[in-house]
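Quick notes on the structure that follows.
Below, all heavy atoms of this structure are taken into account, side chains as well, without hydrogens, waters or symmetry copies.
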Amino acid sequence: MEREFKADALIFDIDGVLLDVTGSFPEVIRQAVSTGWERFCGGASDVPGYNAGHERVLKRHGAFNDDYDIAWTLLSMAAASGEKLLSRALPSPKRLLSELESYRAPVPQWVTARYGSLVPRPEVRALCAELYGGKGCGLHLLERPMIQKHWRELGLPVAIYSGRNGLEWELAKDSLGWNDFPDELIIHSDSGITKPSPEGLEILCRRLGVSSPVFFGDTASDMQAQAAFGKGRFAAVGPLLPEAEFRYDTTEEAVKAAIAIATVNP
């Protein structure tokens, strides 16, 4: 980050930034698509379905920040094909990218208008929630912290802007060991505010009394939210956003860079 910039707060996304979720949410989508194809669509799941190619396409598209709706969208696309085998029904990553060129509205409205109401959204979302948060066996148990310090030890005020809901945030607090994190300093989806809206950043900065935060994210919706906010800097974590001006392989590196600049520009 350039030397003339001074951060006055650190705002984090959770998934892929505070927590390594490679073993949880992508697997939720894979299992939900495979199970849902048989349960809700009467098809045959002859392949795992969701793969890293789909993940890259969707996470680089600003509208798909909700993983449960990713599963529902893919099932809706597959159901509209008229095929029974999942291997033939599910769009390839290349075809998925082409389909998304027609995206013009929030996900539920766009999916219904383009593919019909062939797959029950509430039931798919309930399946995803059970796969993720099931007691004693939920995939959230596979998540690991990507930052080792407690939030109070980071050297600047801290807030969180996440696409998780309230129950998922409670599980994240346990995984991070941040159980004392103030509720007023997180914006999650139960608030009705979702990325790529900049409103979450605006509210958090107002509550912290700051104006120049570093927002740490890993997907297009994170980067778009910060761009719309128009203040501070965006720090991309991981490989999905190579075009980002400031990109880091790890969250630890990104935080270290932000704190270093704040320290040399008192």
_ILVMFWY network linking Val107 to Val119, side-chain heavy atoms under 4.5 angstrom_ = yes
Report yes if the side chains of Arg60 and Leu240 come closer than 4.5 Å at any heavy-atom pair, otherwise no.
yes
Legend entry - Side-chain ion pair, Arg114 and Glu99, N-O less than 4.0 Å: yes
So CH2 of Trp37 and NZ of Lys84: to nearest 0.5 Å the spacing works out to 7.0 Å
Rounded to the nearest 0.5 angstrom, the CZ-CD1 distance for Arg207 and Ile186 is 11.0 Å
Between Gly16 and Val21, the two heavy atoms sitting closest are N-CG2, 4.0 Å
Closest heavy-atom pair, Ala258 versus Val214, reported as atoms and distance to 0.1 Å, is CB-CG2, 4.0 Å
| Taking the side chain from Glu245 and the backbone from Ala235, do they hold a donor-acceptor pair closer than 3.5 Å? | no
| task | Inspect the surroundings of CG in Leu142 and state if more than 12 heavy atoms from other residues, nucleotides or ligands are less than 6.0 Å away. | result | yes
Residue pairs passing the ring pair (Phe, Tyr, Trp, His ring centres under 6.0 Å) test with at least one member in residues 114-139, sequence neighbours excluded, are Phe25-Tyr132, Trp110-Tyr115, Tyr132-His140
Looking only at heavy atoms, the pair that brings Thr251 and Val17 closest together is OG1-O, 2.6 Å
Margin query: Could you check whether Asp190 pairs with Arg164 (Lys NZ or Arg NE/NH1/NH2 to Asp/Glu carboxylate O, under 4.0 Å)?
Written below: no
Hey, are the side chains of Asp180 and Arg152 touching, using non-hydrogen atoms and a 4.5 Å cut-off? yes
To the nearest 0.5 Å, atom CD of Glu27 lies from atom CG of Asp67 at 12.5 Å
Do Met77 and Leu96 touch side chain to side chain, with heavy atoms closer than 4.5 Å? yes
When rounded to the nearest 0.5 Å, the distance separating OH of Tyr50 from CG of Leu75 is 12.5 Å
- [ ] Return yes if some donor-acceptor pair links the side-chain N/O of His188 with the main-chain N/O of Ile160 below 3.5 Å, else return no.
- [x] no
For this session: May I ask you to test the Leu18-Leu176 pair for a side-chain heavy-atom distance under 4.5 Å?
Result: yes
Output for pair (Gln31 CD, Cys128 SG), nearest 0.5 Å, gives 10.0 Å
Of Trp151, Phe216, Tyr161, Phe234, the one forming a ring-ring contact (aromatic ring centres under 6.0 Å, His included) with Phe12 is Phe216
- Task: Please assess Asp222 against Lys195 for the test side-chain contact (heavy atoms from CB on, under 4.5 Å), listing each intermediate value before the final yes or no.
- Result: CA-CA 7 Å; Asp222 297 321; Lys195 293 174 284 190; 2.7 Å; yes
Looking at side-chain heavy atoms only, is the closest gap between Arg39 and Leu127 below 4.5 Å? yes
Point to revise | Quiz item: cation-pi between Arg233 and Phe5, 6.0 Å / 45° | key: yes
Shortest non-hydrogen pair, Leu74 vs Ile29, comes out as CD1-CG2, 4.4 Å
Original post:
Can you find a heavy atom in the side chain of Val255 that is under 4.5 Å from one in the side chain of Tyr248?
Top reply: no
- Below 4.0 angstrom, N of the basic side chain to O of the carboxylate: do Asp46 and Arg88 qualify? no
* Asked: Can you tell if the side chain of Phe64 reaches within under 4.5 Å of the side chain of Leu100, non-hydrogen atoms only?
  -> yes
In short, Asn179 meets Asp174 closest at the heavy-atom pair ND2-OD1, 2.7 Å
Check: Passes side-chain contact (heavy atoms from CB on, under 4.5 Å), Glu143 versus Leu171? Steps please.
Finding: CA-CA 10 Å; Glu143 296 175 348; Leu171 295 174; 5.9 Å; no
Item to complete: State whether Lys256 and Glu253 are salt-bridged, where the test is any N-O pair (Lys NZ or Arg NE/NH1/NH2 against Asp/Glu carboxylate O) under 4.0 Å.
Response: no
- [ ] Show your working on salt bridge (Lys or Arg N to Asp or Glu O under 4.0 Å) between Asp218 and Lys59 and close with a plain yes or no.
- [x] CA-CA 9 Å; Asp218 69 323; Lys59 293 301 183 180; over 6 Å; no
Nearest heavy-atom contact between Leu208 and Ala9 is CD1-CB, 4.1 Å
Review point. Can you list the steps and then say if Ile147 with Trp178 is a side-chain contact (heavy atoms from CB on, under 4.5 Å)?
Key: CA-CA 11 Å; Ile147 189 167; Trp178 288 15; 4.1 Å; yes
### Any donor-acceptor pair under 3.5 Å from Gln226 side chain to Leu201 backbone
no
ask   = Is there a donor-acceptor contact under 3.5 Å from the side chain of Tyr103 to the main chain of Ala105?
value = yes
d(Gln224 CD, Thr219 OG1) to nearest 0.5 Å is 8.5 Å
Side-chain touch Asp69/Arg121, heavy atoms, less than 4.5 angstrom
yes
Report task. For side-chain contact (heavy atoms from CB on, under 4.5 Å), just list the numbers for Asp8 and Ser211, CA-CA rounded to whole Å, side-chain angles, deciding distance to a tenth of an Å, and then say yes or no. Result -> CA-CA 7 Å; Asp8 56 12; Ser211 61; 3.8 Å; yes
Q) Can you tell me if Glu168 uses its side chain to pair, donor with acceptor, with the backbone of Asn165 under 3.5 Å? A) yes
### ILVMFWY cluster, Leu141 and Leu131 together (side-chain gap under 4.5 Å)
no
